[in-house]
Amino acid sequence: MDRGKWVFFQNCHLSPSWMPSLERLIENIDTDKVHRDFRLWLTSLPSPKFPVAILQNSSKMTIEPPRGIKANLLSAYANLNDDFLNSCGEKTPAFKTLLLSLCLFHGVNIERRKFGALGFNIPYEFTTGDMRICISQLKMFLLEYDTIPFKVLKYTAGHINYGGRVTDDQDRRCIMNILQDYYNKDVLNEDHIYSPSGKYRQIPTNMDHNGYISYIKSLPINDTPEIFGLHDNANITFAQNETFSLLTGLLKLQPKTASGSGRTREEVIEEMAKRILDVVPNAVDINMVIDKHPVRYEESMNTVLIQEVIRYNRLLVVIHKGLHDVLKALKGLVVMSEELETMSNQMFNNTVPTMWANKAYPSLKPLSSWVSDLVTRMDFVQDWITKGIPSVFWISGFFFPQAFLTGTLQNYARRAVISIDTITFDFKVMREAASELTERPENGCYVRGLYLEGARWDYHKHELTESRPKELYTDMPVIQLIPVANRVQPSSGIYVCPVYKTLTRAGTLSTTGHSTNFVFFAEVTSSMPQYHWIKRGVALICALDY
């Protein structure tokens with residue numbers, strides 16, 4: 001410090017426990033004793049543990065990753081030269097083609113994040129370090145093996161280097177399918193194209209480094225969804241995500257006081273609280289439900305109903321208590337606690353209060369839609385209690401749909417006297433509407449209320465097909481879940497479609513290896529190969545965000 005040396009602390013976010021000590025050390029620096037050439041460099045990812053005082057008293061530089069596949073390719077090739085491109089001897093042509101493929105794959109992985117859940121369920125922070133190690137391994141394996149070891153290359157890149165960051169099984173499946181397009185024998189052909197339009201293609205291997213740079217500069221600035229394997233509608237999803245993010249930020253900045261002759265903030269909240277109290281039913285009498293639908297060995301659906309009522313009752317009690325407390329606080333009868341103030345602010349912003357969301361099912365709906373959805377769910381439960389087990393189950397109306405699926409399997413297992421572990425579902429998409437199915441099937445159940453994202457159902461061909469322009473979500477017909485013992489999954493003619501509770505698809509990783517947002521896999525008829533729909537990000541959703 002007193003000799004004018006430089007100090008460099010890298011990746012400060014990895015040592016959060018040491019950050020307070022670093023802050024004290026910097027505060028205690030005596031500027032009179034410090035050499036004029038002394039510099040302290042710190043690097044860190046965005047972290048809440050990084051001391052704010054250091055940020056306020058320092059010069060800051062931000063390094064952002066390049067945006068767009070063109071910028072990513074330019075960044076990758078800027079660090080290469082002709083000596084490196086020609087360093088594989090007789091295998092140089094293969095190295096050049098596979099290197100371009102790998103850099104494209106890296107760019108596609110990074111840019112898919114902007115499409116939200118259509119790209120990846122979880123937005124992973126892939127880095128240039130992942131690409132560099134893949135490039136090193138590509139060169140090493142080409143020099144060590146007589147033939148190109150595509151299996152080894154795919155495993156190291158897809159499961160280790162990039163896959164090492166992936167925590168969601170569906171994202172891993174997606175990455176491996178994308179990688180298949182960039183690590184295969186076809187890319188060695190100089191006429192190979194990576195997108196239907198031919199804009200992204202392989203180029204002659206006799207090109208030098210400048211030739212590759214010229215080709216990359218000729219690529220479009222704005223990426224089209226085709227290079228990602230997505231439908232054109234994905235651009236609408238991207239634009240919506242950007243807009244909602246901006247508007248959410250603006251909403252948080254709006255003033256909390258009203259001026260003029262309009263209604264005050266307190267009057268708006270009071271009116272909203274009274275309206276919600278009017279429409280949201282009270283807790284269901286659990287003893288009445290148990291008497292009417294007793295727990296029976298032959299009918300697991302009774303147990304499912306009782307568990308659903310218990311879960312909904314917890315939520316309804318919290319809603320009614322919270323609203324009554326807010327009304328009292330607005331009148332000055334009780335103290336407006338921090339919890340109640342937060343709740344009233346969220347109600348004013350038309351968002352579901354955290355107090356309720358902690359006791360509720362996953363949902364992305366704004367408060368007004370969320371209340372309407374809750375009332376519809378309670379109508380479904382009440383009809384079940386009053387009229388008996390429905391012929392068609394509204395799967396979106398379940399608090400915990402996995403319990404319902406297990407109950408369906410359990411019913412079949414007990415009736416057939418076989419182990420439940422050997423039973424899985426077969427799937428049949430019905431041609432009849434839900435209103436026409438008035439009786440329960442002999443085996444399994446009918447479910448309705450699912451939405452397709454990324455594709456639509458062709459009612460004439462009775463199979464999965466491409467979405468119409470500007471049509472982001474479509475209704476899925478009624479599906480019959482048929483329990484079958486020791487079933488073998490078909491190897492073709494289907495798409496194994498994941499079913500999620502909400503559009504975010506991401507959730508907490510559970511012990512099953514799946515997200516808590518994940519419900520089950522449904523097999524949907526399709527004449528297109530499965531990898532096509534995997535890259536499209538096609539999924540069935542229980543509840544939309546409006």
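Computed over heavy atoms, backbone and side chain alike; hydrogens, waters and symmetry mates excluded.
- In plain terms, the two heavy atoms of Cys542 and Leu450 that are nearest each other are SG-CD2, 3.8 Å.
- The closest side-chain donor-acceptor pair between Asn121 and Asp168 falls under 3.5 angstrom.
- Between atom CG of residue Asp223 and atom OH of residue Tyr200 there is a gap of 4.5 Å, rounded to the nearest 0.5 Å.
- With Phe9 as the fixed residue, the ring pair (Phe, Tyr, Trp, His ring centres under 6.0 Å) test singles out one of Trp18, Trp41, Phe50: Trp18.
- With Thr156 contributing its side chain and Leu153 its backbone, the two residues share a donor-acceptor pair below 3.5 Å.
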Verdict with reasoning, Tyr182 to Leu102, per side chain to side chain contact (heavy atoms under 4.5 Å, CB included): CA-CA 7 Å; Tyr182 297 94; Leu102 177 60; over 6 Å; no
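- Geometric assessment of Arg112 against the ring of Phe120 yields a positive cation-pi assignment under the 6.0 Å and 45° thresholds.
- Put simply, the side chain of Asn28 never gets that close to the backbone of Leu25: no donor and acceptor are under 3.5 Å apart.
- In this structure, Ile148 CD1 and Lys91 NZ are separated by 7.0 Å, a value rounded to the nearest 0.5 Å.
- Distance check: Asn233 CG to Leu118 CG gives 9.5 Å after rounding to the nearest 0.5 Å.
- For Ser526 and Glu463, the side-chain atoms include no donor-acceptor pair closer than 3.5 Å.
- Heavy atoms from other residues, nucleotides or ligands lying under 6.0 Å from OH of Tyr155 number 12 at most.
- Side-chain contact annotation: Tyr451 with Ser396, donor-acceptor N/O pair under 3.5 Å absent.
- Remark: the Gln137 side chain and the Asn161 side chain contain an N/O donor-acceptor pair separated by less than 3.5 Å.
- Ring centers of Phe84 and Phe95: under 6.0 Å apart, within the cut-off.
- For the pair Gln530 and Tyr495, the tightest heavy-atom approach, listed with the atom from each and the gap, is CG-CD1, 3.6 Å.
- In this structure, Lys96 contributes its side chain and Thr205 its backbone to a donor-acceptor pair below 3.5 Å.
- Ion pairing between a basic and an acidic side chain is recognised when a charged N comes within 4.0 Å of a carboxylate O; Asp475 and Arg456 show no such pairing.
- Atom OG1 of residue Thr147 and atom NZ of residue Lys185 lie 8.5 Å apart, to the nearest 0.5 angstrom.
- A donor-acceptor pair under 3.5 Å is absent between the side-chain atoms of His13 and the main chain of Pro46, judged by distance alone.
- Heavy-atom neighbours of Ile221 CD1 from other residues, nucleotides or ligands within 6.0 Å: at or below the threshold of 12.
- With hydrogens and angles disregarded, no donor-acceptor distance shorter than 3.5 Å links the side chain of Thr351 to the backbone of Met347.
- Aromatic pair Tyr183/Phe105: centroids not less than 6.0 angstrom apart.
- A salt bridge links Arg536 with Glu466: the closest approach of a Lys/Arg side-chain nitrogen to an acidic carboxylate oxygen falls below 4.0 angstrom.
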Audit row: Ile494, Val496, side chain to side chain contact (heavy atoms under 4.5 Å, CB included) steps and yes/no: CA-CA 6 Å; Ile494 62 162; Val496 181; 4.0 Å; yes
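- Within 6.0 Å of the CG atom in Asn11, the count of heavy atoms belonging to other residues, nucleotides or ligands exceeds 12.
- Remark: Glu523 engages Arg487 in a salt bridge, criterion side-chain N to carboxylate O under 4.0 Å.
- When the shell of 6.0 Å around NZ of Lys60 is examined, it contains more than 12 heavy atoms from other residues, nucleotides or ligands.
- Between Arg39 and Arg36, the shortest heavy-atom contact is NH1-O, 3.0 Å.
- Atom CG in Leu472 sits 8.0 Å away from atom OG in Ser467 (nearest 0.5 Å).
- For Asn184 (side chain) and Asp181 (main-chain N/O), a donor-acceptor pair under 3.5 Å exists by modelled atom type.
- Closest approach of Ser75 and Asn79 over heavy atoms only: O-ND2, 3.3 Å.
- Distance CD1/Ile175 to NZ/Lys535: 14.0 Å, rounded to 0.5 Å.
- Distance alone, capped at 3.5 Å, is enough to place a donor-acceptor pair between the Lys365 side chain and the Tyr546 backbone.
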Test log, rule salt bridge (Lys or Arg N to Asp or Glu O under 4.0 Å), inputs Glu453 and Arg505: CA-CA 11 Å; Glu453 183 183 20; Arg505 307 190 189 183; 2.9 Å; yes
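- Residues that satisfy the ring-ring contact (aromatic ring centres under 6.0 Å, His included) test with Tyr77, not counting sequence neighbours, are Tyr212.
- A search for ring-ring contact (aromatic ring centres under 6.0 Å, His included) contacts involving Phe126 returns Tyr124, Tyr162, not counting sequence neighbours.
- Under the 30°/60° scheme for interplanar angles, the aromatic rings of Tyr500 and Phe518 are found to stand perpendicular.
- Summarising the local packing, CZ of Arg67 is surrounded by 12 or fewer heavy atoms from other residues, nucleotides or ligands at distances under 6.0 Å.
- The backbone N or O of Asp82 lies less than 3.5 Å from no partner atom in the side chain of Asp208, so there is not a single donor-acceptor pair.
- We find that Asp373 and Arg377 are joined by a salt bridge, their nearest charged nitrogen and carboxylate oxygen being less than 4.0 Å apart.
- In Glu338, the CD atom is not crowded: 12 or fewer heavy atoms of neighbouring residues, nucleotides or ligands sit closer than 6.0 Å.
- Within a 6.0 Å sphere centred on OH of Tyr531, other residues, nucleotides and ligands contribute 12 heavy atoms or fewer.
- No hydrogens or angles considered: a donor-acceptor pair under 3.5 Å links the side chains of Gln202 and Tyr194.
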Derivation of the salt bridge (Lys or Arg N to Asp or Glu O under 4.0 Å) call for Arg113 and Glu125: CA-CA 9 Å; Arg113 291 181 306 184; Glu125 295 291 336; 3.2 Å; yes
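- The two atoms that bring Ser368 and Asn350 nearest to each other are N-OD1, 3.1 Å, heavy atoms only.
- Closest of all the heavy-atom pairs between Ser195 and Glu226 is OG-OE2, 3.5 Å.
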